[in-house]
There are 2 protein chains.
Amino acid sequence: MKIALLGGTGDIGEGLALRWAIAGHEIVIGSRKEEKAKKASESYIERLENQGYSPDIKGFENGKAAEDADIVVVSIPYEHMESTIKGIRESFSDQIVVSPLVPMKKVRGSFVYSVPEKGCAALELRDLLPEGVSVVSAFQNVSAVKLADISKTLDYDVVVCGDDEKSKKMIMELAEQIPHLRALDGGILENSMMVEAMTPLLITVAIKNGMKNLSIKFI
Amino acid sequence: MKIALLGGTGDIGEGLALRWAIAGHEIVIGSRKEEKAKKASESYIERLENQGYSPDIKGFENGKAAEDADIVVVSIPYEHMESTIKGIRESFSDQIVVSPLVPMKKVRGSFVYSVPEKGCAALELRDLLPEGVSVVSAFQNVSAVKLADISKTLDYDVVVCGDDEKSKKMIMELAEQIPHLRALDGGILENSMMVEAMTPLLITVAIKNGMKNLSIKFI
C-alpha cells in the first residue's frame with residue numbers, strides 16, 4: 001500500500017512512517033517544503049537500515065505526496081489543517097484520508113478540547129476535501145513519542161471512526177499491522193469528537209499526575 | 001463520612017453505595033419516593049450482611065438524603081438533573097456534590113456525547129446549586145454493572161475534575177477506597193467535558209466490537 005503522511009516530518013507522522021515502513025508499505029513523507037520531506041525520509045531510512053530493515057520511503061511536497069497515494073494521513077497540527085488542505089485540494093481524488101487531528105486550547109493550566117462548529121475535526125476535514133474522498137479518523141490517542149520509538153511495544157487501543165465501512169476496516173487493519181496496537185471500531189465519523197476529546201485529556205492527566213506520554217486502553 | 005447517593009436505587013448509585021458501605025461510610029440512598037429508597041437500602045444491607053459486612057445504609061426522599069450529608073452524588077439520569085436539583089435546591093448548603101452525569105444522544109446506532117450549551121453537565125450542575133456547594137466530577141466511566149458486583153475487581157481509572165483542590169482531593173481519596181480503582185486528577189471542572197464524552201464512546205465501542213461493560217485505563 002502506498003501511504004502518504006502529510007506533515008510526516010515529525011509528531012505522529014514520524015512514528016507511523018517508521019512503523020508502516022517496517023510492515024512493508026511504500027511510504028511518502030509530505031511537508032510544506034520538499035527539501036524538509038526528503039531530509040526526514042533519508043533520516044528514517046538510515047534509522048531503519050541500521051536496524052536491519054529495507055524501507056521504501058520517499059519525500060515530497062505535501063500535494064505531490066498526496067497525489068497518487070492510496071491512503072493519506074493528515075498528520076499536521078490542527079491549526080494548519082484548513083490552509084494546507086485548501087492549498088492541495090486538487091491532489092485528492094478517491095483516496096482514504098485519515099484524520100488524527102485534534103482541536104484543543106489551553107485553559108488555566110489544562111488542555112481542553114475545543115469543539116469546532118461542525119462537531120469535530122474529522123467532519124471539518126471531510127467537508128474540505130472533494131466528494132470521492134473517504135475520511136476515517138484514527139490515531140489521535142497514541143503517544144507520538146512512543147510511536148516514534150520503534151523499540152517500544154504499543155499495547156494500546158486505537159479507536160477508528162468512519163462512515164464508509166470498507167475504508168474503516170482498511171484503516172483498522174493498517175493500525176493492527178503495528179504490533180500490539182488494537183484497533184477498535186468507533187462507529188460513524190461523527191463519533192470522532194469523543195475520540196479527539198480524549199487527547200487533551202491524556203495531556204492534562206499526564207501533567208496533573210506526574211505521568212508521561214499517556215495512551216488509552218479500553219478494558 | 002456521610003455520603004448521599006441521589007438516585008441510589010440503581011445504575012452507578014447502587015455500586016457506590018455497596019462499595020462505600022464496605023469501606024465503612026454512612027450511606028444514605030435517595031430516591032424520588034422514600035419508599036423506593038428504603039426498599040433499596042434494605043436490599044443492599046441484606047446483600048452485604050450475607051457477605052459478612054455490617055453496613056450503615058438508610059433510605060430517604062432525595063431532598064432529605066442530601067440535607068445533612070457531607071458528600072452528595074447526583075447519580076440520576078442526566079435528563080432528570082435539572083428538575084431534580086431545582087426541586088431540592090434548598091437541601092444543599094456547603095456539601096461536596098459529585099457529578100457522574102453524562103448528556104448523550106443516539107445517532108445512527110452510535111451513542112454520541114451531546115455537548116450542552118455550558119460545555120458539560122458538571123458546569124450545568126454547578127450553576128443549578130447554591131454558591132457554597134463545591135462541585136466535583138467523577139465516576140462517569142466506570143461500568144455500573146461491574147461496580148455493583150462486589151466480587152469484581154475494578155482495575156480502572158477514575159478521572160476527577162474540580163475547581164476546588166481540597167474537594168477534588170477528597171473525592172479522589174474516596175474513589176481509591178474502592179480497592180484497585182485509581183483516581184487521576186483531571187484538572188479544572190471544565191475538563192469534565194472530556195471525561196463525560198468518554199462514556200458514550202465506551203458504550204459505542206462495546207456495541208461495535210462485541211464487548212461488554214467497558215471501562216478505561218490510562219497507560
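The structure displayed is predicted, hence computed values, not measured ones. Labels below follow one simple rule: chain letters A, B, ... track the order of the sequence lines, proteins then strands, and each chain is numbered from 1.
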Using a cut-off of under 4.5 Å on heavy-atom pairs, state which of B:Thr204, B:Val107, B:Thr199, B:Ile207 scores highest against chain A. B:Val107
Using heavy-atom distances under 4.5 Å, tell me whether A:Val159 contacts chain B through its side chain, its backbone, both, or neither. side chain
B:Tyr44/B:Trp20 aromatic ring centres below 6.0 Å: no
What part of B:Asp155 gets within 4.5 angstrom of chain A, counting heavy atoms only: side chain, backbone, both, or neither? backbone
Donor-acceptor contact present, side-chain B:Asp11 to main-chain B:Gly13, <3.5 Å: no
What's the shortest heavy-atom distance between A:Cys161 and A:Lys168, and which atoms? C-CD, 4.0 Å
In terms of heavy-atom pairs under 4.5 Å with chain A, the winner among B:Val112, B:Ile219, B:Val205 is B:Ile219
With chain B, which of A:Ala197, A:Ser143, A:Ser110 has the greatest number of heavy-atom pairs at distances under 4.5 Å? A:Ser110
Can you tell which part of A:Asn141 gets under 4.5 Å to a heavy atom of chain B, answering side chain, backbone, both or neither? neither
May I ask you to decide if A:Lys118's main-chain N or O and A:Glu124's side chain share a donor-acceptor pair within less than 3.5 Å? no
With A:Val142, which of A:Leu147, A:Ile216, A:Ile178, A:Leu202 fulfils side-chain contact (heavy atoms from CB on, under 4.5 Å)? A:Leu147
Between B:Val195, B:Leu214, B:Asp157, who has the most heavy-atom pairs with chain A when the cutoff is under 4.5 Å? B:Leu214
A:Val115, part contacting chain B, at a heavy-atom distance under 4.5 Å: side chain
Per-residue contact mode, B:Asn213 against chain A (heavy atom under 4.5 angstrom): backbone
Looking at B:Arg108 and A:Asp163, is there a salt bridge between them, counting it only when a charged N and a carboxylate O are closer than 4.0 Å? yes
Between B:Asn191 (side chain) and B:Gly186 (backbone), is there a donor-acceptor pair under 3.5 Å? yes
